[in-house]
Amino acid sequence: FKEATELRKSYKGNITGEDIPLPIGSFEDLITRFSLDRRLLNNLIENHFTEPTPIQCESLPLALHGRDILACAPTGSGKTLAFLIPLFQQIINEKDTLGLKGLIISPTKELANQIFLECVKLSNRIYLDKKRPLQVALLSKSLSAKLKNKVINDKKYDLIITTPLRLIDLVKSEALDLSKVKHLIFDEADKLFDKTFVEQADDILNSCTDPVLRKAMFSATIPSNVEEIANSIMLDPVRVIIGHKEA
Ligand code: ADP
Ligand code: MG
């Protein structure tokens, strides 16, 4: 416990909320504490991700405990893997549920693409059963059209990364079933939640009907509107601030 306090001090971590788990000191801690899939650990090592960054030390245990998270850490501090590693583990754990289990919403296409590239690294050689690889998709214009025309079955994907507009369009035309989604991640929440998206987010949340929906927001800053939205849509969220909170 003393170690955790020291660790938090070293990266100016400010964690608030109820029943906060201890941070991890290494990715290997995830094997003993959460039975992390060895293939995930191997993919991290193969991509030279050897030590978790501060936001990863704090977010990974929280997410793996199924907690809602409002996280703030500077640009370039590894927020993407902070939400992807637990998400991949949880999708592996939920392998018997066919269909979309994880949804990541990003404010821009460029950012969505960057997240997708990190997913490609993490999902290497990961199969949910003998014949079925863990399937991640970037919701491009063409994929969107194929889902609408039923050329592709939406149950094919375990995880989808999208911008708000593409997602709303698909949800409205009932071409994407969100009823099995258990993990909803809002990346760059400070850029995502403008006026129009606040209303759209309601439609998305209403379509995610699974009772165990876990939500997380990651951002470089937490403006007051994001804080308000987080408190209104999340259940006992834990606030994780790394470094200084900018407004
Ligand atoms: P943020 O979203 O906080 O701005 P990113 O998730 O884009 O940051 O990460 C920034 C860079 O750091 C990326 O190139 C990513 O691959 C790298 N990175 C993330 N986690 C680690 C880690 N644990 N060890 C080494 N590099 C990492
Ligand atoms: Mg980022």
Side-chain angles (χ1 to χ4, degrees), residues 21 23-24 26-69 71 73 77-106 111-139 143 154-162 167 178 180-188 208 210 212-218 238 240:
I24 51 163
S26 70
F27 286 129
E28 282 76 17
D29 286 354
L30 295 172
I31 303 264
T32 45
R33 283 178 61 188
F34 298 98
S35 313
L36 185 83
D37 194 296
R38 284 268 170 197
R39 295 167 299 181
L40 268 178
L41 185 67
N42 289 342
N43 287 345
L44 289 171
I45 294 166
E46 274 179 23
N47 287 286
H48 312 288
F49 303 129
T50 48
E51 293 292 323
T53 66
I55 189 67
Q56 293 162 8
C57 290
E58 296 292 346
S59 300
L60 269 47
L62 282 167
L64 288 166
H65 276 296
R67 300 292 297 273
D68 281 0
I69 305 172
S77 63
K79 291 191 287 296
T80 316
L81 285 177
F83 58 76
L84 285 183
I85 296 168
L87 186 53
F88 271 71
Q89 180 62 43
Q90 282 158 326
I91 288 174
I92 293 169
N93 294 345
E94 292 153 7
K95 59 181 182 294
D96 295 332
T97 308
L98 198 66
L100 191 64
K101 293 170 275 298
L103 188 58
I104 301 169
I105 308 177
S106 141
L111 198 75
N113 191 49
Q114 283 176 31
I115 298 168
F116 179 71
L117 294 177
E118 296 274 271
C119 288
V120 172
K121 296 178 190 167
L122 273 192
S123 62
N124 189 29
R125 290 189 305 258
I126 295 191
Y127 281 74
L128 297 183
D129 66 38
K130 272 197 183 110
K131 288 191 196 125
R132 192 164 63 96
L134 193 161
Q135 292 269 14
V136 185
L138 182 66
L139 192 55
L143 176 59
D154 69 337
K155 287 203 168 34
K156 177 176 172 190
Y157 300 107
D158 302 292
L159 170 61
I160 283 182
I161 305 147
T162 178
L167 178 63
L178 302 185
K180 300 276 169 25
V181 171
K182 289 177 177 60
H183 312 278
L184 182 56
I185 318 270
F186 300 95
D187 195 20
E188 305 235 352
C208 295
D210 194 298
V212 292
L213 183 66
R214 173 178 77 81
K215 305 174 195 91
M217 290 184 191
F218 284 79
V238 178
V240 180

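Any value given below was found using the heavy atoms of this structure, including those in side chains, with hydrogens, waters and symmetry copies removed. Quick note: residue numbers are just sequence positions, from 1.
The side-chain heavy atoms of Leu159 and Gln135, taken from C-beta on, include no pair separated by under 4.5 Å. Using a 4.5 Å cut-off on side-chain heavy atoms (C-beta onward), Leu184 and Leu178 make no contact. Side-chain contact check for Ile105 versus Glu188: every heavy-atom pair is 4.5 Å or farther apart. A 4.5 Å side-chain heavy-atom check between Lys180 and Leu100 finds every atom pair outside the cut-off. At a threshold of 4.5 Å between non-hydrogen side-chain atoms, the residues Val120 and Val136 do not count as touching. For the pair Asn47 and Asn124, the minimum side-chain heavy-atom distance is 4.5 Å or more. Leu122 has its side chain within reach of Leu40: a pair of non-hydrogen atoms, C-beta onward, lies under 4.5 Å apart.
Formation of a donor-acceptor pair under 3.5 Å by the Gln90 side chain with backbone atoms of Lys101 is not found in this model.
Under the ring pair (Phe, Tyr, Trp, His ring centres under 6.0 Å) criterion, Phe27 pairs with no residue at all, not counting sequence neighbours. Take Lys215 and apply the salt bridge (charged side-chain N to carboxylate O under 4.0 Å, His left out) test, not counting sequence neighbours, and it matches no residue.
The heavy-atom pair separating Ile55 from Ser77 by the smallest distance is CG2-O, 3.4 Å. The two atoms that bring Ser106 and Ile115 nearest to each other are CB-CD1, 4.0 Å, heavy atoms only. When every heavy atom of Ile161 is checked against every heavy atom of Phe116, the shortest pair comes out as CD1-CA, 3.6 Å. When all heavy atoms are compared, the tightest approach of Phe88 to Cys119 is CZ-O, 3.7 Å. Here the closest non-hydrogen pair linking Gly102 and Leu87 is CA-CD1, 4.3 Å. In terms of heavy atoms, Leu81 sits closest to Gln56 at CB-NE2, 3.4 Å.
A salt bridge (Lys or Arg N to Asp or Glu O under 4.0 Å) check over residues 30-46, counting only residues at least two apart or in different chains, returns the pairs Asp37-Arg39, Glu46-Arg125. The salt bridge (Lys or Arg N to Asp or Glu O under 4.0 Å) pairs that include a residue from residues 48-58 are Arg8-Glu58, where partners are two or more places apart or lie in different chains. Residue pairs meeting the salt bridge (Lys or Arg N to Asp or Glu O under 4.0 Å) criterion with at least one member in residues 115-124, sequence neighbours excluded, are Glu118-Lys121.
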query: Run the side chain to side chain contact (heavy atoms under 4.5 Å, CB included) check on Leu60 and Asp29 step by step: do they pass?
result: CA-CA 10 Å; Leu60 269 47; Asp29 286 354; over 6 Å; no

message: Evaluate Ile69 against Val240 for side chain to side chain contact (heavy atoms under 4.5 Å, CB included), listing each step before the verdict.
response: CA-CA 7 Å; Ile69 305 172; Val240 180; 4.2 Å; yes

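Note that the CG atom of Leu167 and the CD1 atom of Ile160 stand 8.5 Å from one another [nearest 0.5 Å]. Annotation: the span from Thr162 atom OG1 to Leu103 atom CG amounts to 7.0 Å, rounded to 0.5 Å. A distance of 9.5 Å separates CG of Leu44 from CD of Glu28, quoted to the nearest 0.5 Å. Rounding to the nearest 0.5 Å gives a distance of 11.0 Å between CG of Leu134 and CG of Asp129. Separating the NZ atom in Lys182 from the CG atom in Asp210 is a distance of 4.0 Å, to the nearest 0.5 Å. Residue Ser123 holds its OG atom at 9.5 Å from CG of Leu84, rounded to the nearest 0.5 Å.
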Give the table of side-chain donor-acceptor pairs shorter than 3.5 Å for residues 92-99, with sequence neighbours excluded, one pair per line with atom names and distance.
unit_1 : atom_1 : unit_2 : atom_2 : d
Asn93  : OD1    : Gln89  : NE2    : 3.0
Glu94  : OE1    : His183 : NE2    : 3.3
Glu94  : OE2    : His183 : NE2    : 3.2

